[in-house]
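Written below as structure tokens is the structure these notes are about.
Here is the naming used below: chain letters follow the sequence lines, and residue numbers restart at 1 for every chain. The figures that follow rest on heavy atoms only: side chains count, while hydrogens, waters and symmetry mates do not.
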Number of protein chains: 2
Amino acid sequence: MDAFRHEKIAVAVDFLIMTIEDDKLKVLMVRRNEEPFKGALALPGVAVAEEETLSHAARRCLEEETGITENIYLEQLYTWGDDCRRDPRNRVISVSYMALIPRELLAESIGKRVTEVLFMDVTEILSEQYKLAFDHKEMIAYGRERIQNKTEYTTIAFHFLPEEFTLPELQKIYEILLGKNLFKANFRKSIQDIVEDTGKMKKVGAHRPSKIYRRAEDFKG
Amino acid sequence: MDAFRHEKIAVAVDFLIMTIEDDKLKVLMVRRNEEPFKGALALPGVAVAEEETLSHAARRCLEEETGITENIYLEQLYTWGDDCRRDPRNRVISVSYMALIPRELLAESIGKRVTEVLFMDVTEILSEQYKLAFDHKEMIAYGRERIQNKTEYTTIAFHFLPEEFTLPELQKIYEILLGKNLFKANFRKSIQDIVEDTGKMKKVGAHRPSKIYRRAEDFKG
DNA sequence: GCAAAAGTGTTCTGGATACACCCATGA
DNA sequence: TCATGGGTGTATCCAGAACACTTTTGC
């Protein structure tokens with residue numbers, strides 16, 4: 001071992017920036033304007049600089065695409081290094097990250113972007129008809145699965161909502177992520193210890209208003 | 001983006017080679033004979049060559065340390081790139097892998113090695129008194145946690161045993177990984193669909209012999 | 001009053017937990 | 001025949017699934 005000085009490889013960070021919009025899980029995609037895969041849809045990514053930490057590169061990428069830097073759920077997913085990517089002569093290892101962002105937060109910052117970005121329905125983009133750049137389709141499938149699994153045994157779903165939310169809103173998030181409908185009463189029991197009433201109310205339509213909740217202090221981990 | 005040609009980084013694979021021995025979860029460690037951390041215990045690792053895939057580098061490392069190449073449970077864990085490792089001027093990103101190997105398999109091949117290798121008790125090596133090279137202590141802690149979690153919702157524990165095993169042996173593996181005792185009858189119910197009787201028996205001491213099982217065909221996923 | 005969605009109480013059930021017991025072996 | 005550990009049946013408990021019902025709003 002320890003021949004590190006000589007064997008150097010290009011390292012990239014590719015980013016799954018996820019949000020929920022129109023009752024669908026969506027991921028931010030950009031259109032490539034360079035070869036290879038010119039014109040194809042791709043995940044946003046950056047090259048990791050020589051003196052840069054991985055998480056710094058990740059945050060840099062996130063900021064470039066969304067303008068957001070703080071209070072965002074961020075998770076490393078997997079490192080893809082078994083394919084010959086981009087220029088065949090140029091081996092690249094790619095570390096994939098995932099960020100979950102409430103739709104409301106994106107609305108503000110995303111308009112200012114120059115480059116074209118689209119939030120694509122994850123289910124749709126994973127269908128046969130789409131050809132994505134590199135192994136990005138696999139990455140998205142991997143990320144979707146990770147979210148789905150974590151929804152079952154963590155509180156990851158909360159990151160798709162702002163600090164304050166109603167229980168019907170929260171339940172909808174869970175239903176989208178799990179891909180099935182839940183019973184209202186049961187869902188509420190399952191999260192009752194994790195949320196606390198703010199005392200505020202939210203009126204929406206011609207029906208009873210819903211209470212506004214936030215995450216309970218003890219369960220922010 | 002796409003400045004990949006210029007920004008190159010040394011990439012390493014570090015390996016958690018795990019087994020269960022003497023009723024303890026153990027990990028293979030080597031003693032470094034080079035600076036930095038000369039003399040300290042470290043996980044085995046290799047530098048990823050420019051034209052080498054990640055999983056190839058991982059298998060190369062595994063073979064170097066154990067002589068084993070096939071039928072081994074292998075899993076990528078996490079990519080560590082937020083520290084300044086080794087020579088401070090020389091940035092290294094390290095992809096950690098984990099292999100689970102039945103003790104019986106190691107017995108054969110491990111003797112042939114030149115370098116000193118030790119299987120260390122994971123609990124012990126994570127204790128205060130040990131100082132390991134680089135961020136290897138974190139890696140081990142991370143791997144132990146991953147195994148523990150996966151033991152609860154997958155059949156990962158089976159990889160610590162050979163093809164054929166008795167249920168008391170299997171239960172012992174689970175107890176070690178979960179860190180708690182299990183009720184015999186309950187444990188057997190929980191795995192009854194995953195195993196099948198081979199018809200063979202195993203005699204050990206002055207007591208009733210145990211049936212020998214294997215994993216059921218349908219549950220090898 | 002009525003539709004619509006918010007919010008709550010109660011039963012049912014399957015799986016995990018805990019305990020009790022029987023069985024086969026060597027000495 | 002006894003100690004030892006392998007092997008099995010059953011009562012209990014609890015979380016989640018399913019269902020039924022009440023409440024509050026706009027029109």
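Residues passing the side-chain contact (heavy atoms from CB on, under 4.5 Å) test with A:Ser210 are A:Thr166, A:Pro168, A:Lys202, sequence neighbours excluded. For B:Lys184, the salt bridge (Lys or Arg N to Asp or Glu O under 4.0 Å) criterion is met by no residue, not counting sequence neighbours. Here B:Arg59 pairs with nothing under the salt bridge (Lys or Arg N to Asp or Glu O under 4.0 Å) rule; sequence neighbours left out. Shown here are the salt bridge (Lys or Arg N to Asp or Glu O under 4.0 Å) partners of B:Lys200, two or more places apart in sequence or in another chain: B:Glu164. For B:Gln148, the side-chain hydrogen bond (donor to acceptor under 3.5 Å, both in side chains) test picks out no residue, with sequence neighbours left out. Taking the side-chain contact (heavy atoms from CB on, under 4.5 Å) definition, one finds that A:Phe183 meets it with A:Asn186, sequence neighbours left out. Scanning for salt bridge (Lys or Arg N to Asp or Glu O under 4.0 Å) contacts around A:Lys26 gives A:Glu21, A:Asp22, with sequence neighbours left out. Every side-chain contact (heavy atoms from CB on, under 4.5 Å) that A:Glu63 has, sequence neighbours left out, goes to A:Thr69.
For residues 171-183 of chain A, no residue pair satisfies the salt bridge (Lys or Arg N to Asp or Glu O under 4.0 Å) rule, not counting sequence neighbours.
Each end of the helix from C:dG1-D:dC27 to C:dA27-D:dT1 gets its own axis, taken as the rotation carrying the C1' atoms of four end pairs onto the next four within a five-pair window, and the two axes meet at 10° to the nearest 10 degrees.
Here the P atom of nucleotide D:dT24 and the NZ atom of A:Lys203 are 13 Å apart, to the nearest Å. Distance NZ (B:Lys202) to P (D:dG7): 11 Å, rounded to an integer number of Å.
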Which atom pairs link the protein and nucleotides 13-23 of chain D when you take only N or O atoms and keep those under 3.5 Å?
{"unit_1": "D:dA17", "atom_1": "N7", "unit_2": "A:Asn186", "atom_2": "OD1", "d": "3.2"}
{"unit_1": "D:dA17", "atom_1": "N7", "unit_2": "A:Asn186", "atom_2": "ND2", "d": "3.2"}
{"unit_1": "D:dA18", "atom_1": "N7", "unit_2": "A:Asn186", "atom_2": "OD1", "d": "3.3"}
{"unit_1": "D:dA18", "atom_1": "N7", "unit_2": "A:Asn186", "atom_2": "ND2", "d": "2.9"}
{"unit_1": "D:dA18", "atom_1": "N6", "unit_2": "A:Asn186", "atom_2": "OD1", "d": "3.0"}
{"unit_1": "D:dT23", "atom_1": "O4'", "unit_2": "A:Arg208", "atom_2": "NH1", "d": "3.3"}
{"unit_1": "D:dT23", "atom_1": "O2", "unit_2": "A:Arg208", "atom_2": "NH1", "d": "3.1"}

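Nearest-nucleotide positions on DNA chain D place B:Ser210 closer to the 5' end than the other of B:Ser210 and A:Ala206.
Put simply, the side chain of B:Thr198 gets close to the backbone of B:Ile212: a donor and an acceptor are under 3.5 Å apart.
For DNA chain C, the outermost nucleotides in 5' to 3' order that have an atom under 4.0 Å from a heavy atom of chain A are C:dA3 to C:dT10.
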